[in-house]
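See structure below.
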Amino acid sequence: MHTPIRTTVIGSYPFPGWLEFAAQHLNEFGPADIEEAIEDAVIAAIHDQTTAGLDVITDGEQTRLDFNLSFYGYIKGISPDESETRRFGPAAHDQRGKHRITETLSAPKGLGVVKEFLRLKKLAPQGPVLKASIPGPYTLSGRLLPNNEYKDRYAITEALLPFIQKELEDLVAAGCTEITVDEPSMSCYAYKEDTKRFAAIFNKTVEPVAGKCNLSTHLCFGNFKGRPVGYRSIKPMIPDFLELKVNEIHIEMANREFAEIELLETFSKRMNVAVGIIDVKNYYIETPEDVVERIKRCLQYIPAEKLSVAPDCGLSQTARWASRQKLINMVKGAKMVRAVI
């Protein structure tokens, strides 16, 4: 049974300052030191989430450079390019280099998510549900340049798809009961790409695990250094995204001032809905009362037993002091509403 007004997160959490410092000086650490630092960072992320009282927690993606960038390190056949194409001026997506494909893509050792989950399982206390997040193949294809073997982004997506499938199967086999497949590129480009094709790609990706875990997808409009990138409307996603084979769909709302919230009613007839009610791009700390008011707006369109609440996106681009307090207040507000429904 779905907990009414369940409190959850997308996946990422801010790195502790010392971890960022350590990452810049890795040559001064031994392998055991690095593993200890990773465990300590995961413990810190677990602590912040459990003390906030979340129903669902993650490892904070503390071993990832970004919600998806670290995955390229597991894929053979890539020549990485981390150089910035534009070094000056305001932060934007065009400052990130794209990687060249040098040979047929393969992932002989998996993508690392199972190891992350097992570490979380070892370190987390009893109580909260443990969630793993993994980028979908279309989003993961975004930093790879087409070549003679892979003519366009869709060809790269098809090549990556089996790697994601295998990781999802291995996660379920490892005992993971809650998995999010992040496909923000699909929501960002729904206004100009073939949404039927997007839905078909997504459903093919999750087919091996659909029905075997609480499966969700996260759709947002981008959050690179606190800035969106896509056309920020849910309308282009309907009706095709209603066919996604998921138990829950997560959609960014707070940063968009709850525009188009009425469209979530359509989704709630087909699946559970996790609403982003905490703005990760804003340093205004929502009060528990703000959260109560926002949840009440959601309840006009989504039944309490189908509703989860979360931040708009992962918290990796939000300072830790703010992330911590935002989560605390989100849980407080959710509990206040639960107490009176």
Side-chain angles (χ1 to χ4, degrees), residues 10-12 58-59 61-82 96-121 131-189 193 197-219 244-246 314:
I10 305 312
S12 68
T58 70
D59 72 340
E61 299 177 4
Q62 298 293 293
T63 59
R64 303 184 191 180
L65 297 170
D66 188 281
F67 92 105
N68 67 1
L69 303 191
S70 62
F71 289 94
Y72 299 122
Y74 288 94
I75 300 171
K76 289 196 177 301
I78 292 174
S79 174
D81 180 6
E82 296 297 345
R96 298 193 296 187
K98 292 202 171 189
H99 309 313
R100 283 188 309 112
I101 299 173
T102 55
E103 59 187 85
T104 300
L105 298 173
S106 63
K109 295 182 180 176
L111 298 173
V113 187
V114 176
K115 184 179 179 183
E116 291 175 346
F117 173 72
L118 292 174
R119 184 189 292 114
L120 173 64
K121 200 172 168 182
K131 177 159 90 168
S133 298
I134 184 168
Y138 183 74
T139 292
L140 195 57
S141 69
R143 291 282 301 279
L144 300 178
L145 293 167
N147 65 1
N148 288 334
E149 187 175 357
Y150 306 103
K151 300 291 187 190
D152 58 19
R153 183 167 181 175
Y154 286 105
I156 299 170
T157 299
E158 285 297 326
L160 296 174
L161 197 152
F163 311 159
I164 309 291
Q165 279 186 329
K166 177 76 165 61
E167 203 75 11
L168 291 171
E169 289 180 286
D170 289 348
L171 275 170
V172 170
C176 187
T177 60
E178 179 113 5
I179 304 174
T180 294
V181 177
D182 294 311
E183 274 290 12
S185 291
M186 287 189 177
S187 41
C188 283
Y189 303 133
E193 296 285 339
R197 190 174 190 180
F198 277 167
I201 290 167
F202 186 92
N203 288 341
K204 184 178 175 184
T205 304
V206 303
E207 193 173 13
V209 296
K212 297 178 182 177
C213 61
N214 193 31
L215 186 64
S216 61
T217 186
H218 166 55
L219 303 172
L244 298 182
K245 290 180 181 171
V246 291

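One-based numbering along the sequence shown. The basis for the numbers below is simple: all heavy atoms, side chains too, and nothing from hydrogens, waters or symmetry mates.
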Any [X] side-chain heavy atom under 4.5 Å of [Y] side chain:
X: Pro135; Y: Phe71; result: yes
X: Arg100; Y: Ile78; result: no
X: Tyr150; Y: Leu145; result: no
X: Glu61; Y: Ser133; result: yes
X: Lys151; Y: Pro146; result: no
X: Leu105; Y: Glu149; result: no
X: Pro137; Y: Thr139; result: no
X: Asp170; Y: Phe117; result: no

Starting at [atom1] of [X], measure out to [atom2] of [Y] and round the result to the nearest 0.5 Å.
X: Thr58; Y: Ile10; atom1: OG1; atom2: CD1; value: 9.5 Å
X: Ile101; Y: Lys76; atom1: CD1; atom2: NZ; value: 15.5 Å
X: Asp59; Y: Lys115; atom1: CG; atom2: NZ; value: 12.0 Å
X: Thr157; Y: Leu144; atom1: OG1; atom2: CG; value: 9.0 Å
X: Lys131; Y: Cys213; atom1: NZ; atom2: SG; value: 11.5 Å
X: Thr180; Y: Ile134; atom1: OG1; atom2: CD1; value: 11.0 Å

Closest non-hydrogen atom pair, [X] against [Y]:
X: Asp182; Y: Pro184; result: C-CD, 3.3 Å
X: Leu160; Y: Leu140; result: CD1-C, 3.8 Å
X: Leu118; Y: Ala174; result: CD2-CB, 4.1 Å

key: Residues Arg64 and Glu116 bridged, charged N to O under 4.0 Å   = yes
key: Salt bridge Glu158-Arg153, side-chain N to carboxylate O under 4.0 Å   = no
ask   = Less than 6.0 Å separating the ring centroids of Tyr154 and Tyr138?
value = yes
message = Using a 3.5 Å distance criterion without hydrogens, assess whether the side chain of Lys245 forms a donor-acceptor pair with backbone atoms of Ala199.
response = no
ask   = Under 3.5 Å, is there a donor-acceptor pair between the side chain of Glu169 and the main chain of Pro208?
value = no
note = Partner of Glu178 under side chain to side chain contact (heavy atoms under 4.5 Å, CB included), picked from Leu171, Leu215, Asn214, is Asn214
query = Does any donor atom in the side chain of Thr205 or Gln165 lie under 3.5 Å from an acceptor atom in the other side chain?
reply = no
query = If we ignore angles and hydrogens, is there a donor and acceptor under 3.5 Å between the side chains of Thr102 and Ser79?
reply = no
inquiry  = Would Val206 and Thr217 count as a side chain to side chain contact (heavy atoms under 4.5 Å, CB included) here? Give the steps.
reply    = CA-CA 10 Å; Val206 303; Thr217 186; over 6 Å; no
